[in-house]
**Student:** 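Pasting in a structure now, in structure tokens, and then I'll have a few things to ask.
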Amino acid sequence: MIDLLVAGGGPGGLATAIHAARAGLETVVIDRRPGPIDKACGEGLMPHTVKQLEAIGVTLHGRAFRGITYLDATHRVEAFFRSGSGLGVRRTVLSEALYATAAEVGVQIVKGEIGAVSQDATSVRCGDLRARYLAAADGLHSPIRSSLGLDLPTRGRRRWGIRRHYDIAPWSDTVQVYWARDTEAYVTPVADDRVGVAILKSEQGKFGDHMLEFHALAERLDGAPHGRDRAAGPLRQRVRSRAAGRVLLVGDAAGYVDALTGEGMGIAFGGAELAVKAILADAPQDYDRQWRAMSRRYRLLTAGLLYAGGIAPVRRMVVPAASALPKVFGGIVNLLAY
Ligand SMILES: Cc1cc2nc3c(=O)[nH]c(=O)nc-3n(C[C@H](O)[C@H](O)[C@H](O)COP(=O)(O)OP(=O)(O)OC[C@H]3O[C@@H](n4cnc5c(N)ncnc54)[C@H](O)[C@@H]3O)c2cc1C
């Protein structure tokens, strides 16, 4: 019998598989798409996220960034990381790197659709495959999470993200976050000749329409060749528990607040490590509590900023207040960076 079956070959699933294989577990990953897999993402890895990947031997190619800049029509404030650089990495490049490391450490990757999941006291069955444990890393709207009854109803504003790449040399060595009336645009340098722009908003819509809210940014990008758009959402996903019997939820499947602070992959990699530790200890029941402790700071900061950003008069003060209090802004950025 397989030790660990991982449903989903995104960053959360592959990182889980790499941890497991390095710990000596026979590990199989199943995903409906062949790698390298693309997805709507801001593609900014925070400094602690870069370190998590280096620790499991993943070689990264991208463009370093030194901090975060917030901008609105009249204000601008920069904060630099104290704990190393972040890295902008094109999603397909990250996927290739994770696939390469997974293959090196002996993970078997199967192309296929994840079917119905059933379990007994000693194993989990998913389609034709049977394993001692299942890590469900099947994304934001995880079908496995739903089938196990682990979804909770979401409260508050729903938000969506849409991303586009432009062939233009990065003009900043930070990730720039442009704040408009009810929308944010993130610019992440991902190569010497390319930036990614991710837009977050509480309505679905076309990238070009959203860009009308960002005059200075639209002017800078005007005429630059660009790739196709990719969208995702609704973003917020509340989860009752990250473990049910021998099934552990990892990555976005484990719950998600928002892309506002670029923490998704850091939490996914932290969860991957904890899930494998729980499996090695044969203590899946401990995983949920450990996951909540690991991710608490990031989830609280993201939820707090999201809440503030949803109240119009407070939202208008976010960038002016950050630029009036740059040390406070720097402190918050560095709480998210390590
Ligand atoms: C607009 C936007 C911007 C973001 N910006 C950042 C950022 O700058 N930095 C950051 O760290 N994070 C960011 N994130 C979050 C980040 O993208 C996610 O946290 C990350 O992709 C989670 O990886 P995952 O492996 O859990 O899920 P996914 O990458 O979604 O992988 C899930 C996999 O499961 C597979 N799958 C699902 N269902 C099935 C099925 N039934 N059968 C077979 N296969 C299946 C899918 O094919 C997919 O490959 C952003 C997200 C969005 C939406």
Side-chain angles (χ1 to χ4, degrees), residues 5-17 29-50 52-53 62 65 68 86-92 94-95 98-99 109-117 126-127 129 135-147 159-164 175-177 183-190 196-201 207 210 229-237 249-272 275 295 298 302 336-337:
L5 177 62
V6 180
L14 288 176
T16 307
V29 175
I30 177 165
D31 199 295
R32 59 159 76 100
R33 291 190 283 167
I37 299 175
D38 203 358
K39 180 193 168 286
C41 185
E43 302 176 329
L45 301 177
M46 295 295 267
H48 70 103
T49 312
V50 173
Q52 286 166 310
L53 286 171
F65 56 89
I68 306 288
L87 199 67
V89 184
R90 183 73 187 79
R91 189 65 184 220
T92 43
L94 175 64
S95 178
L98 284 161
Y99 265 81
I109 302 181
V110 179
K111 183 174 171 297
E113 189 69 26
I114 298 156
V117 170
C126 184
L129 297 165
D138 50 347
L140 208 52
H141 304 112
S142 166
I144 296 178
R145 183 182 70 213
S146 306
S147 75
R159 304 231 302 166
W160 283 266
I162 186 162
R163 177 222 70 197
R164 179 183 279 187
V175 169
Q176 293 193 321
V177 185
T183 313
E184 303 97 50
Y186 290 72
V187 183
T188 307
V190 293
V197 180
I199 297 183
L200 302 174
K201 193 174 168 81
F207 188 95
H210 294 334
D229 305 337
R230 275 189 182 270
L235 299 177
R236 187 155 206 157
Q237 302 298 324
L249 307 183
V250 183
D252 288 358
Y256 194 75
V257 181
D258 198 88
L260 188 56
T261 52
E263 278 308 325
M265 286 188 273
I267 294 179
F269 300 148
S295 60
Y298 308 118
T302 307
L336 289 163

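On a predicted model such as this, the values are computed, not experimentally measured, just so you know. Counting starts at 1 for both ligands and their atoms, following the listed order.
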**Student:** What residue and heavy atom of the protein are closest to atom 31 (O) of ligand 1, and at what distance?
**Tutor:**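 Checking every protein heavy atom, the shortest distance to atom 31 (O) of ligand 1 gives Gly10 CA, 3.6 Å.
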**Student:** Decide yes or no for Pro234 and His141: does some side-chain heavy atom of the first lie under 4.5 Å from some side-chain heavy atom of the second?
**Tutor:**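 Yes - at least one pair of side-chain heavy atoms lies under 4.5 Å apart.
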**Student:** With a 4.0 Å cut-off on heavy atoms, does Ser142 reach ligand 1?
**Tutor:** no
**Student:** May I ask you to list the atoms of ligand 1 that are less than 4.0 angstrom from any heavy atom of Ile114?
**Tutor:** 39 (C), 40 (C), 41 (N), 42 (N), 43 (C), 44 (N), 45 (C)
**Student:** Once rounded to the nearest 0.5 Å, what's the spacing between atom CG of Leu94 and atom CG of Leu45?
**Tutor:** 6.0 Å
**Student:** For atom 10 (C) of ligand 1, state which one of Gly139, Gly262, Ala7 supplies the nearest heavy atom.
**Tutor:**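 It is Gly262 whose heavy atom sits nearest to atom 10 (C) of ligand 1.
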**Student:** State, with a plain yes or no, whether a side-chain heavy atom of Ile109 is found less than 4.5 Å away from one of Tyr99.
**Tutor:**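 They are in contact (side-chain heavy atoms under 4.5 Å apart), so the answer is yes.
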**Student:** For ligand 1, which atoms, with element, lie under 4.0 Å from some heavy atom of Gly161?
**Tutor:**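 Near Gly161, meaning under 4.0 Å from one of its heavy atoms, ligand 1 has 1 (C).
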**Student:** Is any NZ, NE, NH1 or NH2 atom of the basic residue among Asp38 and Arg163 found under 4.0 Å from an Asp or Glu carboxylate oxygen of the other?
**Tutor:** yes
**Student:** May I ask you to identify, for Leu235, whether its side chain, its backbone, both or neither come under 4.0 Å of ligand 1 on a heavy-atom basis?
**Tutor:**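 Within the 4.0 Å criterion, Leu235 contacts ligand 1 through side-chain atoms alone.
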**Student:** Could you tell me the residue and atom name of the protein heavy atom closest to atom 37 (C) of ligand 1, and the distance to it rounded to 0.1 Å?
**Tutor:** Asp138 O, 3.4 Å
**Student:** Considering only NZ, NE, NH1 and NH2 on the basic side and carboxylate oxygens on the acidic side, decide whether Arg159 and Asp258 come within less than 4.0 Å.
**Tutor:**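 Asp258 and Arg159: salt-bridged.
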**Student:** Using a strict cut-off of 4.0 Å, indicate which atoms of ligand 1 neighbour a heavy atom of Gly264.
**Tutor:** 10 (C), 11 (O), 12 (N), 15 (C), 19 (O)
**Student:** Would you mind finding which of Lys39, Arg33, Arg159 brings a heavy atom closest to atom 28 (P) of ligand 1?
**Tutor:** Lys39
**Student:** Please write down residue, atom name and distance for the protein heavy atom closest to atom 44 (N) of ligand 1.
**Tutor:**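 Sorting protein heavy atoms by distance from atom 44 (N) of ligand 1 puts Arg32 N, 3.1 Å first.
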**Student:** So, His210 and Glu184: side-chain donor and acceptor under 3.5 Å apart, yes or no?
**Tutor:**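 No, Glu184 and His210 have no side-chain donor paired with an acceptor closer than 3.5 Å.
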**Student:** Is it the side chain (CB and beyond), the backbone, both or neither of Arg91 that lies under 4.0 Å from ligand 1, heavy atoms counted?
**Tutor:**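 Only the side chain of Arg91 comes within reach of ligand 1.
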**Student:** What is the nearest protein non-hydrogen atom to atom 7 (C) of ligand 1, stated with its residue, atom name and distance?
**Tutor:** Gly44 O, 3.6 Å
**Student:** Rounded to the nearest 0.5 Å, how far does CE of Met265 lie from CG of Leu53?
**Tutor:**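 It is 8.5 Å, given to the nearest 0.5 Å.
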**Student:** What distance do Leu336 atom CG and Thr302 atom OG1 have between them, rounded to the nearest 0.5 Å?
**Tutor:**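 Nearest 0.5 Å value for the CG-OG1 distance: 6.0 Å.
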**Student:** Distance under 4.0 Å to a non-hydrogen atom of Ile37: what atoms of ligand 1 satisfy this?
**Tutor:**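 Within the 4.0 Å cut-off of Ile37, ligand 1 contributes 49 (O).
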**Student:** Please confirm whether the ring centroid of His48 lies under 6.0 Å from the ring centroid of Tyr298.
**Tutor:**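 Ring-ring flag for His48/Tyr298: true, centres closer than 6.0 Å.
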**Student:** Run the numbers for me: atoms of ligand 1, each under 4.0 Å from some heavy atom of Gly251, listed by number.
**Tutor:**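 Near Gly251, meaning under 4.0 Å from one of its heavy atoms, ligand 1 has 26 (O).
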**Student:** Please list the nearest protein heavy atom to atom 13 (C) of ligand 1 with its residue and the distance rounded to 0.1 Å.
**Tutor:**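 The closest heavy atom on the protein side is Cys41 SG, 3.6 Å.
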**Student:** Distance under 4.0 Å to a non-hydrogen atom of Glu43: what atoms of ligand 1 satisfy this?
**Tutor:**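 Close to Glu43: 7 (C), 8 (O).
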**Student:** How long is the straight-line distance from NZ of Lys201 back to CD1 of Ile199, given to the nearest 0.5 Å?
**Tutor:** 9.0 Å
**Student:** Is there a side-chain contact between Pro143 and Ile114 in this structure, where contact means two heavy atoms from C-beta onward sitting under 4.5 Å apart?
**Tutor:**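 Not in contact.
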**Student:** Would you mind checking if Arg32 and Glu113 are paired as a salt bridge, meaning a charged N to carboxylate O distance below 4.0 Å?
**Tutor:**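 Result for this pair is yes, salt bridge flagged.
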**Student:** Of all the atoms in ligand 1, which lie at a distance below 4.0 Å from a heavy atom belonging to Ala232?
**Tutor:** 53 (C)
**Student:** Can you check which of Asp31, Asp252, Asp38, Val6 brings a heavy atom nearest to atom 22 (C) of ligand 1?
**Tutor:** Asp252
**Student:** Where the closest heavy atom to atom 15 (C) of ligand 1 is concerned, which of Tyr256, Trp160, Tyr186 has it?
**Tutor:** Tyr256
**Student:** How far is atom 23 (O) of ligand 1 from the closest protein heavy atom, and which atom is that?
**Tutor:**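 For atom 23 (O) of ligand 1, the nearest protein heavy atom comes out as Pro11 CD, 3.6 Å.
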**Student:** Heavy atoms only, cut-off 4.0 Å: how does Met46 contact ligand 1, side chain, backbone, both, or neither?
**Tutor:**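 Neither; nothing of Met46 gets under 4.0 Å from ligand 1.
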**Student:** Which part of Ala40 is near ligand 1, with near meaning a heavy atom under 4.0 Å away: side chain, backbone, both or neither?
**Tutor:** backbone
**Student:** How far is atom 11 (O) of ligand 1 from its nearest protein heavy atom, and which residue and atom name does that atom have?
**Tutor:**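 The answer is Met265 N, 2.9 Å.
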**Student:** Which residue from Gly8, Ser95, Ala137 reaches closest to atom 32 (C) of ligand 1 through any of its heavy atoms?
**Tutor:**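 It is Ala137 whose heavy atom sits nearest to atom 32 (C) of ligand 1.
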**Student:** Do any N/O atoms on Gly42 end up under 3.5 angstrom from N/O atoms on ligand 1?
**Tutor:** yes
**Student:** As an exercise, state the distance from CD of Glu263 to OG of Ser295, rounded to the nearest 0.5 Å.
**Tutor:**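 Reported value, rounded in 0.5 Å steps: 10.0 Å.
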**Student:** Which protein non-hydrogen atom lies closest to atom 25 (O) of ligand 1, naming both residue and atom, and how far is it?
**Tutor:**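 Closest protein heavy atom to atom 25 (O) of ligand 1: Gly12 N, 2.8 Å.
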**Student:** Enter the distance from Thr261:OG1 to Met46:CE here, rounded to the nearest 0.5 Å.
**Tutor:** 7.5 Å
**Student:** Of the non-hydrogen atoms in Asp31 and Gly10, which two are nearest, and what is the gap between them?
**Tutor:**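 The answer is OD2-N, 4.0 Å.
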